[in-house]
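Down below is the structure, laid out as structure tokens.
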Number of protein chains: 2
Amino acid sequence: MGANILVVDDEKEIADLIEVYLQNENYQVYKFYSPEEALHCIDSVKLDLAILDVMMPEIDGFTVLRKVRESLHFPVIMLTAKDEEIDKITGLTLGADDYITKPFRPLELIARVKAQLRRFTKYNQSDSEQHENILAFSGLILDKNTRKCLLNEKPLSLTPTEFSILWFLSANRGRVISSEELFHEVWGEKYFNSNNTVMVHIRHLREKMDDSAEHPKYIKTVWGVGYMIEK
Amino acid sequence: MGANILVVDDEKEIADLIEVYLQNENYQVYKFYSPEEALHCIDSVKLDLAILDVMMPEIDGFTVLRKVRESLHFPVIMLTAKDEEIDKITGLTLGADDYITKPFRPLELIARVKAQLRRFTKYNQSDSEQHENILAFSGLILDKNTRKCLLNEKPLSLTPTEFSILWFLSANRGRVISSEELFHEVWGEKYFNSNNTVMVHIRHLREKMDDSAEHPKYIKTVWGVGYMIEK
DNA sequence: CTCATTTCTTAAGGTTTTGTTAAGCTTTTT
DNA sequence: AAAAAGCTTAACAAAACCTTAAGAAATGAG
């Protein structure tokens, strides 16, 4: 089952955001808005990884890190503001296994989390975990490990962005995904309405998949809402 | 109760000689005069040890060794002619647990066999652990203990960094590894995007492995994601 | 310790691949 | 019919990657 992950950040929106993304990956999240609360949790739950914000009032993430290091040993990822001075960052993140500067792309954080867990457990991905990286339906096979795509036994050569889009639509098929959500997922940035980038990528995908907007076999347009792959 | 031992040598007299001595010690001997036949045996019998001649027509003992290392983990003793060049020997015997030069005294071979079996059964755990330090696939053999590398029976002289990179890619083959993850793994530091050092090492590796970016036999570039060795 | 050798990193220039923009077009909705 | 949303296309911009070489750093021998 999913690993236990501690998340501590006084910026509630960020902590919540991280929680959502981690839960989406089936991790068990222990979220706290203050280090004090977090310190209790460390003792009572068997954690597998921690994500800590560096700067927090009173006790900072660094204190939590130290506490963690005094007793238990599991990977720690630190979050730092982008405008911190470089040497300060290197100091603060000393002893952490990795760090990410805010603002960050949620998917990047997830990738780092997985990398750390992989490194820590040292063993290869379990079968169930490996299978989470493979989607197959309606003649389409997507492999997140190799980032390969097969359509009716024939390989489709997708660009990184195309793969990300198709993966997300596939993983959420049966649900309409707005361009905005898609953009947010793949690019991790704010969506600008003047931007028809998503549309162009969808177009390219359809072309490669021998799909069409008029009679979609895979990616269906839902007017005024977004795109969907039927379940 | 005797262990199952595979013997492969195209010099029949020698194979027969070995067989006699081993049977005299109550070992169950599976003797073959050609590697082809032997390859079948490997799959169908649970072997405890193998004695392989290095030089054999068509498929050589090395191919058998590779096959063995790809799947099962048990001690392998290689036989080499005395007049082989020294560096060739060290290269050829890489990945083997022991080697003996011909001509040899039968009792010495028996002694070695016993030593290997003792080591393997007595320190089963540590031994299988030791074999976790050997990777073999597609003509490539990597030994983390000696940090030596063999490509199609020929030794590759890799620098420490190169070996680390190749090892990590090999240990995770079938999965795309980003430059970032690679850097983190090998250097253990934060990755800076302005840094193309990973790329240069990949380039050197490819050159030594007679591999190319355009038509990769081993290290494949996955655009926008990273590098991968196919499984 | 010094010198020679090996190994690593950096930087620059070039190539290929991928992403974005914008404009004109079509379909759907009001 | 007009407006809004979506489609298509192609040119341009940007990102990612490759190659090479030279200097820096580390290593090892004497």
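Quick note on labels: first sequence line is chain A, next is B, and so on, each numbered from 1.
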Among [options], the one nearest [X] by side-chain distance:
X: B:Trp187; options: C:dT20, D:dC17, C:dT9; answer: C:dT9
X: B:Met199; options: D:dT9, D:dC17, C:dT10; answer: D:dC17
X: A:Arg203; options: C:dT21, D:dT8, D:dC18; answer: D:dT8
X: B:His201; options: C:dT20, D:dC18, C:dT9; answer: C:dT9

[X] side-chain N/O to [N] phosphate OP1/OP2 under 4.0 Å:
X: B:Asn195; N: C:dT10; value: yes
X: B:Thr221; N: D:dC18; value: yes
X: B:Thr161; N: C:dC8; value: yes
X: B:Arg206; N: D:dT19; value: no
X: B:Tyr227; N: D:dC18; value: yes

Task: Whichever of A:Glu162 and B:Thr159 has its nearest DNA chain C nucleotide further upstream toward 5' - done: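 Residue closer to the 5' terminus by nearest nucleotide: B:Thr159.
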- Item | Passing candidate, side-chain contact (heavy atoms from CB on, under 4.5 Å) with A:Ile177, options A:Val225, A:Ile229, A:Leu182, A:Val222 |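 The single option meeting the side-chain contact (heavy atoms from CB on, under 4.5 Å) with A:Ile177 is A:Leu182.
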Expressed in angstrom and rounded to an integer, what is the separation of [X] atom [atom1] from [N] atom [atom2]?
X: B:Leu205; N: C:dT7; atom1: CG; atom2: C1'; answer: 13 Å
X: B:Lys220; N: D:dA16; atom1: NZ; atom2: P; answer: 19 Å
X: B:Lys208; N: C:dC8; atom1: NZ; atom2: C1'; answer: 12 Å
X: B:His204; N: D:dC17; atom1: NE2; atom2: P; answer: 18 Å
X: A:Glu214; N: D:dC7; atom1: CD; atom2: P; answer: 10 Å
X: B:Ile219; N: D:dT19; atom1: CD1; atom2: P; answer: 12 Å
X: B:Asn196; N: D:dA16; atom1: CG; atom2: C1'; answer: 11 Å

Query - Chi angles and distances behind the side chain to side chain contact (heavy atoms under 4.5 Å, CB included) call for A:Lys208, A:Thr159 - result: CA-CA 11 Å; A:Lys208 287 183 179 177; A:Thr159 70; 4.0 Å; yes
Hey, which of these two, A:Val222 or A:Val200, hits DNA chain D nearer its 5' end, going by closest nucleotide?
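Comparing both residues, the 5'-ward one is A:Val222.
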Would you call the rings of A:His204 and A:His201 parallel, tilted or perpendicular, where under 30° means parallel and over 60° means perpendicular?
->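 Correct class here is perpendicular.
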request  = For B:Phe163, report the nucleic acid contact type (base, sugar-phosphate, nothing); a contact means any heavy atom under 4.0 Å.
outcome  =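 No contact.
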(message) Side chains of B:Asp210 and B:Tyr218 only: does a donor on one sit below 3.5 Å from an acceptor on the other?
(response)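 No pair is found: no donor N or O on one side chain lies under 3.5 Å from an acceptor on the other.
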Would you say the side chains of A:Thr146 and B:Arg173 form a donor-acceptor pair under 3.5 Å?
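Side chains of A:Thr146 and B:Arg173: no pair found under 3.5 Å.
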Evaluate the criterion side chain to side chain contact (heavy atoms under 4.5 Å, CB included) for residue pair A:Leu6 and A:Phe74; output intermediate values, then yes/no. CA-CA 11 Å; A:Leu6 173 72; A:Phe74 48 79; 5.7 Å; no
_Side chain proximity check, A:Lys31 to A:Leu22, heavy atoms < 4.5 angstrom_ =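 A side-chain contact is absent here, since even the closest heavy-atom pair is not under 4.5 Å.
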>> Run A:Asp211 and A:Leu205 through side chain to side chain contact (heavy atoms under 4.5 Å, CB included) and show every step you take.
In response: CA-CA 8 Å; A:Asp211 206 358; A:Leu205 264 176; over 6 Å; no
Output one line per pair: protein atom, nucleotide atom from nucleotides 28-30 of chain C, and distance, for all N/O pairs under 3.5 Å.
none

